[in-house]
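Throughout, numbering of the chain's residues begins at 1 and tracks the sequence.
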Amino acid sequence: QVQLVESGGGLVQTGGSLRLSCAASGSIFRTDVMGWYRQAPGKRRELVAAITNDGSPNYADSVKGRFTISRDNAKNTVYLQMNSLKPEDTAVYYCNANLRPRWSRAHYEYWGQGTQVTVSS
């Protein structure tokens, strides 16, 4: 089995910072793209940032220049450093990973349980 476990959410004031972490564990052969999505109440889940296995990042326009995604392949862990937070960043943030488990030659998509980020004005 494979699990994604997130940590680092919380409550912060406008302009503050938070760092999210997501560790993939279990029977993993290779982790490819890892990323973060978010879903605010009444809205669809949206991509925040993603990063390939070789470290190439991709960001939503709304977070460019404020958020930084990184990863540690040895730990199968992805991070999201969030700076200059705004109230509109308030959402549940979900970790996502596209990976190949050891028991299969296929790739599968996995999701974390979500972590709440609340930015107060």
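Here the side chains of Arg44 and Gln39 are not in contact, with every heavy-atom distance at 4.5 Å or above. In this structure, Asn96 and Trp36 have side chains that are not in contact, with every pair of non-hydrogen atoms separated by 4.5 Å or more. Counting heavy atoms from C-beta outward, Asn53 and Val33 have side chains that stay 4.5 Å or more apart. Using a 4.5 Å heavy-atom cutoff, the side chains of Tyr93 and Glu6 are not in contact. Here the side chains of Leu80 and Met82 are in contact, with some heavy-atom distance below 4.5 Å. Pro101 places none of its side-chain heavy atoms less than 4.5 Å from the side chain of Phe29. In this structure, the side chains of Cys95 and Val78 come closer than 4.5 Å at one or more pairs of heavy atoms. Residues Pro87 and Thr14 form a side-chain contact, since some pair of their non-hydrogen atoms from C-beta on lies under 4.5 Å apart.
Of the listed residues (Thr31, Asn98, Asp32), just one forms a side chain to side chain donor-acceptor pair (under 3.5 Å) with His107, and that residue is Asp32.
When only modelled atom types and interatomic distance are considered, Ser17 and Asn83 share a side-chain donor-acceptor pair under 3.5 Å.
Distance check, rounded to the nearest 0.5 Å: CD of Glu88 to NZ of Lys43 gives 8.5 Å. To the nearest 0.5 Å, atom CZ of residue Arg100 and atom CZ of residue Arg30 are 10.0 Å apart. Separating the OG atom in Ser25 from the NZ atom in Lys75 is a distance of 14.0 Å, to the nearest 0.5 Å.
Taking a 6.0 Å sphere around CD of Gln13, one finds it holds 12 or fewer heavy atoms contributed by other residues, nucleotides or ligands.
Leu85 and Leu11 fall into different hydrophobic clusters, where Ile, Leu, Val, Met, Phe, Trp and Tyr residues are linked whenever their side-chain heavy atoms come under 4.5 Å apart, directly or through other members.
In terms of heavy atoms, Tyr110 sits closest to Leu4 at O-CD1, 3.3 Å. The shortest heavy-atom contact between Cys22 and Met34 is O-CE, 4.4 Å.
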Under 3.5 Å donor-acceptor pairs involving side-chain atoms of residues 114-121, not counting sequence neighbours:
unit_1 : atom_1 : unit_2 : atom_2 : d
Thr115 : OG1    : Gly9   : N      : 3.4
Gln116 : NE2    : Ala91  : O      : 3.4
Gln116 : NE2    : Thr118 : OG1    : 3.3

Scan the side chains in residues 58-70 for donor-acceptor partners under 3.5 Å anywhere in the protein, sequence neighbours excluded, and list what turns up.
unit_1 : atom_1 : unit_2 : atom_2 : d
Tyr59  : OH     : Ile69  : N      : 3.0
Asp61  : OD1    : Lys64  : NZ     : 3.1
Ser62  : OG     : Arg38  : NH2    : 3.4
Arg66  : NH1    : Ser84  : O      : 3.0
Arg66  : NH1    : Asp89  : OD2    : 2.7
Arg66  : NH2    : Ser62  : O      : 2.9
Arg66  : NH2    : Asp89  : OD1    : 3.0
Arg66  : NH2    : Asp89  : OD2    : 3.4

**Report entry** Residue pair Asp72, Tyr79: steps toward the side chain to side chain contact (heavy atoms under 4.5 Å, CB included) verdict
**Finding:** CA-CA 8 Å; Asp72 183 335; Tyr79 307 95; 4.2 Å; yes
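Hydrophobic cluster membership for Tyr37: Leu47, Val92, Tyr94, Trp111 (Ile, Leu, Val, Met, Phe, Trp, Tyr linked by side-chain heavy atoms under 4.5 Å, directly or transitively).
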